[in-house]
Amino acid sequence: MEAAGPEASLQHLSDEALWLSHAAGGDAAFPEVRRRHEGALFRYLQLSLGDVRAAAETLGKVLRLARAYRRPYDGFDSLRGWLFAVATQAAVPAHVPQEEGLSQMVADLKRPRPKAVEDALKRALADMHREVKQPFLLVMVMGLPLAEAARACRFPVHQAARRVLSACGEFARLATLPKE
Amino acid sequence: MDRRSAIVALVRRLAGEPDPACRAEMDQLLMHSARWAGRLERYAAVRDAVRRLSTHDLTPEIRKACDDLLGSPAVGPISEGPPADPTPARSAPFRLAVLLASLAGILAVLLACFFIAPGDYEPPIKLGGVVHAMGQAQLLPALGAAEQAREGAELTAGMVVSSGRDGLVKGGTAGMVFRLGAGSALRLTDSHSADLIQGLAAVSRRQASDEPVNLANNNGTVTCAEGEFLARATRHRMIVRCLRGRVQLASGDKSIQLGPGQQGMFFRGEPVEPVRTASARTLAHWQRELDALDSGRVTPAELELLPLAAGPPSLPDGVIVRNLAVDLVVRGPLWMAVLTCDLENTGSQAWRGRLDPARVLWPPPLCAAESEEIELAPGAQAGLSCAALGTMAPGGEAVLWSLPVDGWTRKTIEGFTLSIEAAADGGIKGAHSTGLEARWGRSGDGAKGAISARDMSPTVPVVLAFRFGSDGTDDLLELPSPGRDVRHVLVASRGLVASRAAARGTERVLIVFDATADYGPLDRIFAHEIVEGIARRLSGGTWLGLVAYDGQVKNLPPARGMGMDGLLARLWALRGGEGELSEEMLFALASGPGDGSAAAFLITGAGPAAGAAAAGDLKAAPRPDSAPHVVQVGAPRPGGGYRELCALAGGACTSTIGRLSPARQALRLLQAVRWPGLQEVSYAPGGGTVRYRLLTGSGEPSDRPIVVALALEPQAEAVTGTLSGKAADAGFGRDLSVPLGEAAPAGDDALAGRLAAALDQWIKAGEGP
């Protein structure tokens, strides 16, 4: 019987083992890391940035940074948590201010009213401050442990938890208004 | 269970995360508190609803874009078949409905035109136009749909100009010029008045206008009869900083006056006293937010507000600074200032000395180094440039890490030292760190940035991305994160501009374009861009000209004298000729017109016959002392004949199927001519307990600074070693080693300087005679 290729053998490795191989200079491991995590990262970036194109660009940036980083992901319990941390940092363009106030109102005037709960949620997500949005997405949607999410966002755990609940509160208020 | 623990436990429960420590207590709380139980129920519903939100799948196109960004072939499974057509299929009834709706729309417009009298609709008053726009900038007219803001778009009365969250807009009316930063919105009232709805704007009055400019919002009105000012508005306040001229802040019967460098504020509808002096840092920061449109150039007025050295500039009598320009590029808390100026000796005596232009602008001890020696005859001019990389310290003051002419400074940031030596001559355009950007946040109406050990998390990589040249690609330099492993990082960067400039003095380059070759559609574009890329990188003195061949040699004038597009159009117009490479062309290739030192590039197609024939002929060319370089556009690898020829004559031979862009290909070709560069770097510690990490910025060493980083362990005491690497020399590598010198303590300021000096020495040795 023909032996399986190196890709097949990599599929059986844990994330940790894969990353060790990558950190040691192996080039074969990163494609497998990417295969495993890029889908979830892309979804997170879409929800976080509210824009598919920006999410795709940021995903490319995250992958590039991750590939260049050939060291252990010390301080994180999982590679997944570390990758989300990199994505969180990359998704916050520091020079871009958070939109608020009247310009947002002007933009709102041009937008159609939301018709469904999903639209309302997406709209609220887009408008939500990223300090609240990112911990919420990481914990509630991407399933990261609270401590990992807090590290990714660089908040203390209790602060991250408070922000998650704050986002939940906002959504809960909103979700009661429009009906499916 | 206290409230804080309860919140954490609730979130963990919502997320389905096991929490054995608090499980029992949380159960108790939920059992006895209806409020907490209700929260859990409501928030669980929210969680499920958000989890169900649809997002786009990661399509092969997006993966491909990521691959392009990674700059390498596919690093993962990409294709699961052809990409789906994104256009949804429509049924026949749907198409019919669309057709009917379109007809109804046309009918409605026609009826409107017929029934509405012409006088009923007044077209909006045109006030001016958009000068530049970028990002998601939009124009929202008083009537009608929003449109993307584009250069030349019309500005009308009542229109809201919104820059969007990543946009910048520069516009002008008959009475004023304005720039809007990201996330800003401005409503134009007339040619002299506007409302700043939100965000940051720089406004100046046009010289030709007699009327003062009024900028209002719900807090008050700013009037500027002469000069320029910056304003940032939020719902409850508007802060105004005067750059030049005079500005009046008025609301109701209260008003205050601002002079240059002063700032004032409206708060809840009233101007606030006393007037304060604006800090240079804030001004510079605001300015940088608006800078993308003007290449980050600081105006002379703003320059006056920068923290200049005390006392007059240390220039000798008679020597004056002309055309001073400071380009600021900001990436998060890191900023890069590139300063260029011309010095002119207006005196009657020749002046010879050293001058660091940065010393004139920034206070010591940040600029301890001097530049190269300058000699200026009476009436003569000389250009100077330098760059500085800095950051915003936790205290809010700008901290200059180093002035990179020759000297070093080192700043300690909460126990972590980062020393950077970046040569100005390498064309570093900017630097940013993903890890650091995150801490560049906004607070209230202002912005604050901080860099500290806390920000540099040991778990998130600190990566500086250096951007070189104009091709917009970043080179990543990974800096080891601070922590238990690393206490000191030394970064040295050196460019090779000096050697290039020296080479340009003697180098003469001729481009020979083979118009008879067989180019595919993409090859055609590639060949076009390579010719353009080479020509753009040659100085006027180097550029001999362009020779095109379509059966006979045709000399075209140097590109500097005419537009490159026109020149290339002429090149392609020569297409269609028949024939083989003539002797004239071979002569031109082999020698250049009358100058034995000339190098010639042959840009040709992939045809093997042409390659073999040309190579055979070229080998027999009368003057084999010069170096012909051959580019075969569209060939998978250079033809055998060409390879032999180039090896014989010391030229470079390349094909263009590969990962390099045409611009980089052109650059690589030029490098191969006479400008070797270091291709590899390694560092062998020769003493002490030193851990090292070296990265070169790029595989394009000759045109980019070489960046070397050494990460030293906390216990590293005596640091010494040898820098070794391979230098490219006309296609052949040479091993070079340069010792760092005597052992020095890891935290020694001089160590970084020695690293840079070793790098200089290494580059010098690598360039050879």
Side-chain angles (χ1 to χ4, degrees), chain A residues 30-31 34-35 38-39 42-43 46-47 52 56-57 59-61 63-65 67-69 71 73-76 82 85-86 88-90 92-99 101-103 106-107 110 117-118 121-122 125 139-141 143 145-146 151 154 157-158 161-162 164-165 168 171-172 175, chain B residues 4 7-8 10-12 14-17 42-43 45-47 49-56 58 62-63 65-66 68-70 75-77 140 146 160 162 165-166 182-185 197-199 234-235 289 330 332 434-435 437-442 449 457-461 463 476 478 483:
Chain A
F30 190 75
R34 176 179 170 182
R35 190 189 65 75
E38 67 180 350
F42 186 54
R43 178 168 160 76
Q46 276 183 74
L47 291 172
V52 182
E57 280 175 11
L59 176 64
K61 192 175 168 187
L63 291 174
R64 193 171 61 157
L65 288 168
R67 194 181 62 171
Y69 186 74
R71 302 187 68 201
Y73 47 87
D74 293 341
F76 279 81
W82 179 77
V86 177
T88 302
Q89 304 309 327
V92 183
H95 55 283
V96 175
Q98 185 86 17
E99 265 194 11
L102 292 180
S103 75
V106 170
K110 304 282 176 181
V117 169
E118 169 151 354
L121 285 175
K122 279 188 171 172
L125 198 58
V139 173
M140 292 298 188
V141 183
L146 179 62
R151 273 195 289 272
R154 300 184 181 180
V157 170
H158 69 272
R162 227 175 29 223
V164 171
L165 286 193
C168 285
F171 281 126
Chain B
R4 181 183 279 193
I7 286 174
V8 170
L10 182 65
V11 169
R12 287 203 161 119
L14 278 165
E17 193 183 334
R42 281 199 314 277
Y43 292 175
V46 161
R47 174 200 63 201
V50 178
R51 279 184 184 172
R52 282 196 300 270
L53 283 182
S54 59
T55 50
H56 291 257
L58 193 54
I62 292 172
R63 283 207 182 91
C66 289
D68 291 345
L69 205 60
L70 281 166
V75 295
L140 307 156
V160 173
S162 167
R165 59 179 62 198
D166 65 345
S184 305
I197 300 170
Q198 188 202 330
T234 59
R235 261 178 267 193
E289 283 195 35
V330 179
T434 302
E437 272 186 351
R439 299 307 305 169
W440 183 244
R442 301 177 69 79
S457 162
T459 54
V460 176
V463 178
L476 296 181
E478 175 210 326

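Because only heavy atoms are used, hydrogens play no part in the values below, and waters and symmetry mates are left out as well, while side chains stay in. Being a predicted model, the structure only gives us computed values, none of them experimental. Throughout, protein chains are lettered first and strands after them, A, B, ... in sequence-line order, and every chain is numbered starting at 1.
- From B/Leu14, atom CG reaches atom CG of A/Leu146 across 11.0 Å, with rounding to the nearest 0.5 Å.
- Taking 4.5 Å as the limit, some side-chain heavy atom of B/Leu58 sits within range of a side-chain heavy atom of A/Glu38.
- Among all heavy-atom pairs drawn from A/Ala172 and B/Arg42, the shortest one is CB-NE, 4.4 Å.
- Taking each heavy atom of B/Cys66 and A/Ala56 in turn, the nearest pair found is SG-O, 3.8 Å.
- With a 4.5 Å cut-off on side-chain heavy atoms, B/Leu53 and A/Val141 do not count as touching.
- The nearest pair of heavy atoms linking A/Arg34 to B/Arg63 is NH2-O, 3.3 Å.
- Contacts of B/Ile7 with chain A are made by both backbone and side-chain atoms, with heavy-atom separations under 4.5 Å.
- For CZ of B/Arg4, the number of neighbouring non-hydrogen atoms (other residues, nucleotides, ligands) closer than 6.0 Å is 12 at most.
- The parts of A/Val139 that come within reach of chain B are both its backbone and its side chain, each placing non-hydrogen atoms under 4.5 angstrom from that chain.
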Practice task
Please test A/Val164 against B/Arg47 for side chain to side chain contact (heavy atoms under 4.5 Å, CB included), starting from the C-alpha separation and ending with a verdict.
Solution key: CA-CA 10 Å; A/Val164 171; B/Arg47 174 200 63 201; over 6 Å; no

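- When all heavy atoms are compared, the tightest approach of B/Thr55 to A/Gln46 is CB-OE1, 3.4 Å.
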